[in-house]
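What's counted below: heavy atoms across the whole structure, side chains too, no hydrogens, waters or symmetry copies.
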Amino acid sequence: VYEGYVDDPRNTDHAWMETTVRLFLIEDDLARQLSLQGGSDAVSAQWLDLDRTLLAEDASLLYADHKKFLAMALDIARARLGIAPQ
């Protein structure tokens, strides 16, 4: 979905955040079997429903550019699954 610079409040003139965003389309049964855990930069990890509430302008559940990345992934997923944009 994306690889490179990310707008992040921790960025400075001499150091900045870069990220890699991947999209995996999986069935619900497999998703329930996966154990999610936070990494070095997150306390926890969890599945969230990708809906209008999550992508709303005032959504506070997402950090930095995460909303932009989810919107990009959603466009790709819709195209792969043959779902018309809303």
Side-chain angles (χ1 to χ4, degrees):
V1 174
Y2 179 83
E3 187 170 359
Y5 171 84
V6 60
D7 187 19
D8 189 289
R10 297 170 290 184
N11 291 345
T12 70
D13 290 342
H14 305 287
W16 53 90
M17 302 296 290
E18 293 193 5
T19 193
T20 300
V21 180
R22 305 262 190 247
L23 170 65
F24 298 96
L25 299 174
I26 60 175
E27 298 291 330
D28 289 342
D29 290 343
L30 177 57
R32 282 190 284 276
Q33 295 175 42
L34 297 176
S35 175
L36 302 178
Q37 58 186 0
S40 62
D41 65 342
V43 173
S44 64
Q46 65 186 26
W47 293 112
L48 297 172
D49 289 331
L50 183 53
D51 58 17
R52 289 189 177 129
T53 304
L54 187 62
L55 295 176
E57 289 295 321
D58 61 346
S60 61
L61 289 174
L62 303 175
Y63 186 74
D65 280 344
H66 291 171
K67 183 168 68 171
K68 177 177 78 174
F69 298 140
L70 284 176
M72 292 166 64
L74 183 58
D75 288 343
I76 293 169
R78 283 181 175 146
R80 288 187 185 168
L81 298 172
I83 301 170
Q86 296 178 346

### All salt bridge (Lys or Arg N to Asp or Glu O under 4.0 Å) counterparts of D7, not counting sequence neighbours
none
### Query
Looking only at heavy atoms, what is the nearest atom pair of L23 and A73, with distance?
CD2-O, 3.7 Å
### Query
Does the side chain of F69 come within less than 4.5 Å of T19's, by heavy atoms?
yes
### Task
Work out which heavy atom in A84 is nearest to a heavy atom in R78; give both atom names and the distance.
O-CD, 4.2 Å
### Task
Report whether I83 and I76 are members of the same hydrophobic cluster (ILVMFWY, side-chain heavy atoms less than 4.5 Å apart, transitive linking).
yes
### Message
If you compare all heavy atoms of Y2 against all heavy atoms of M72, which two are closest, and at what distance to 0.1 Å?
### Response
CB-CE, 4.1 Å
### Task
Specify the closest pair of heavy atoms between T20 and E3, including all atoms of both residues, with the distance to one decimal.
OG1-CG, 3.5 Å
### Summary
Here the gap from F24 atom CZ to L34 atom CG, rounded to the nearest 0.5 Å, amounts to 10.5 Å
### Task
Answer with yes or no whether the hydrophobic clustering places I26 together with L74; edges join I, L, V, M, F, W, Y residues whose side-chain heavy atoms lie under 4.5 Å apart.
no
### Query
According to a 4.5 Å side-chain heavy-atom criterion applied to Ile, Leu, Val, Met, Phe, Trp and Tyr, with indirect links allowed, do V1 and L81 form part of one hydrophobic cluster?
yes
#### Entry: R32 to D29 - nearest heavy-atom pair and separation
NH2-OD1, 2.6 Å
### Message
So W16 and D8, do their side chains get closer than 4.5 Å, heavy atoms only?
### Response
no
### Task
Tell me, yes or no, whether the heavy-atom count around E27 atom CD, taken from other residues, nucleotides or ligands under 6.0 Å, exceeds 12.
no
### Single-linkage hydrophobic cluster L70~M17, side-chain heavy atoms < 4.5 angstrom
no
#### Entry: Any L25 side-chain heavy atom under 4.5 Å of R80 side chain
yes
